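All of these numbers come straight from a predicted model, not from anything done at the bench.
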2 protein chains.
Amino acid sequence: MSRADRADIAKAEVEKANAEFYAAFEACDLDRMSAVWAGDAYAASVACVHLGWQLLRGRDEVLRSWALIMANTPYIQFVLTDVQVEISGKQAVLTCGENILTVDDSDGDGPLSGGSAVATNVFVRMDGEWRLLVHHSSPVLNQLEEPER
Amino acid sequence: MSRADRADIAKAEVEKANAEFYAAFEACDLDRMSAVWAGDAYAASVACVHLGWQLLRGRDEVLRSWALIMANTPYIQFVLTDVQVEISGKQAVLTCGENILTVDDSDGDGPLSGGSAVATNVFVRMDGEWRLLVHHSSPVLNQLEEPER
């Protein structure tokens with residue numbers, strides 16, 4: 001297998017791990033979310049920035065935050081755009097746009113609303129799998145103006 | 001030199017590269033900022049999310065955005081908190097809080113105002129130096145509530 005082939009396979013694996021992260025959130029499945037995140041030697045280095053939140057550190061605190069968010073999320077769906085991956089050894093950084101569809105009210109019967117965000121997701125390779133080390137999501141507040149040239 | 005010593009040195013180098021990034025911004029010095037960011041083989045993988053902005057990709061577009069921002073920043077100062085670095089081979093991810101002091105008006109004579117943000121900065125090792133590959137900064141909009149247990 002050529003080096004380029006191996007790089008393509010690694011990228012596909014990172015993208016799959018990333019897709020599983022969003023699928024776990026959409027399913028509001030804390031066990032699946034727990035399996036997505038890095039643990040063991042990386043547990044203390046785990047970090048997460050939810051949309052508009054402060055930085056949370058440590059696997060336990062991050063998973064507690066997901067439990068809280070999932071308990072308050074009747075419906076959420078992501079369409080990712082412009083996914084790009086850069087891998088170096090056992091660390092990979094993936095950046096993408098998040099197009100988010102949610103319902104606003106707590107019983108999940110309300111109208112759908114949408115929003116745009118961007119995410120940086122850093123993965124580490126452990127035990128033959130890519131696991132999430134850092135998730136940073138942020139709201140797009142300013143529509144970008146084309147810089148004057 | 002022990003492995004732990006080498007790891008400490010590498011972390012200090014990443015923190016120094018990170019400090020130079022913020023110093024270049026504070027000085028509004030585009031040449032220094034240009035030297036901070038990765039180039040060559042990484043130029044296309046460079047990505048930047050300014051506070052509340054969309055994702056920008058590619059070294060040229062990112063540096064154009066810095067020129068625009070610097071032209072519109074009469075004064076800015078950062079105090080970083082809670083800096084943590086995780087290095088794997090030639091890639092490093094640094095997360096931190098950004099406490100930002102700016103002036104609001106364009107001539108720089110106005111009152112100072114402050115804000116809180118969080119940043120994820122990914123560095124790559126090239127030509128013996130740590131260069132910035134991804135900068136993602138986001139505003140802290142919600143003060144975190146302690147999860148119910």
A.B. asks: Within this structure, what is the NE2-CG distance for the pair His50(B) and Leu141(A), rounded to the nearest 0.5 Å?
C.D. replies: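 Separation between the atoms: 14.0 Å.
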
A.B. asks: Under the side chain to side chain contact (heavy atoms under 4.5 Å, CB included) test against Leu55(B), which residue among Thr95(A), Val140(A), Thr120(A) passes?
C.D. replies: Thr95(A)

A.B. asks: Please list, in residue-number order, every residue in residues 85-94 of chain B that has a heavy atom less than 4.5 Å from any heavy atom of chain A; write 'none' if there are none.
C.D. replies: Glu86(B), Ile87(B), Ser88(B), Lys90(B), Gln91(B), Ala92(B), Val93(B)

A.B. asks: Minimum heavy-atom separation for Ser138(B) to Ser138(A), with atom names?
C.D. replies: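 Here Ser138(B) and Ser138(A) meet closest at CB-CB, 3.1 Å.
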
A.B. asks: Tell me the residues of residues 18-37 of chain A whose non-hydrogen atoms fall below 4.5 Å from those of chain B, in number order.
C.D. replies: none

A.B. asks: Which atoms of Arg125(A) come close to chain B, meaning under 4.5 Å heavy atom to heavy atom: side chain ones, backbone ones, both, or neither?
C.D. replies: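 Neither part.
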
A.B. asks: For chain A, which of Ala47(B), Ser45(B), Ala117(B), Ala71(B) has the most heavy-atom pairs under 4.5 Å?
C.D. replies: Ser45(B)

A.B. asks: For the hydrophobic clusters of this structure (ILVMFWY residues joined by side-chain heavy atoms under 4.5 Å, transitively), does one cluster hold both Leu101(B) and Val79(B)?
C.D. replies: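 No: no chain of side-chain contacts under 4.5 Å links Leu101(B) to Val79(B).
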
A.B. asks: Please classify the contact of Ala119(A) with chain B as side chain, backbone, both or neither, using a heavy-atom distance under 4.5 Å.
C.D. replies: backbone

A.B. asks: For the interface with chain B, which of Val134(A), Leu133(A), Val122(A), Asp82(A) has the highest count of heavy-atom pairs at distances below 4.5 Å?
C.D. replies: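 It is Asp82(A).
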
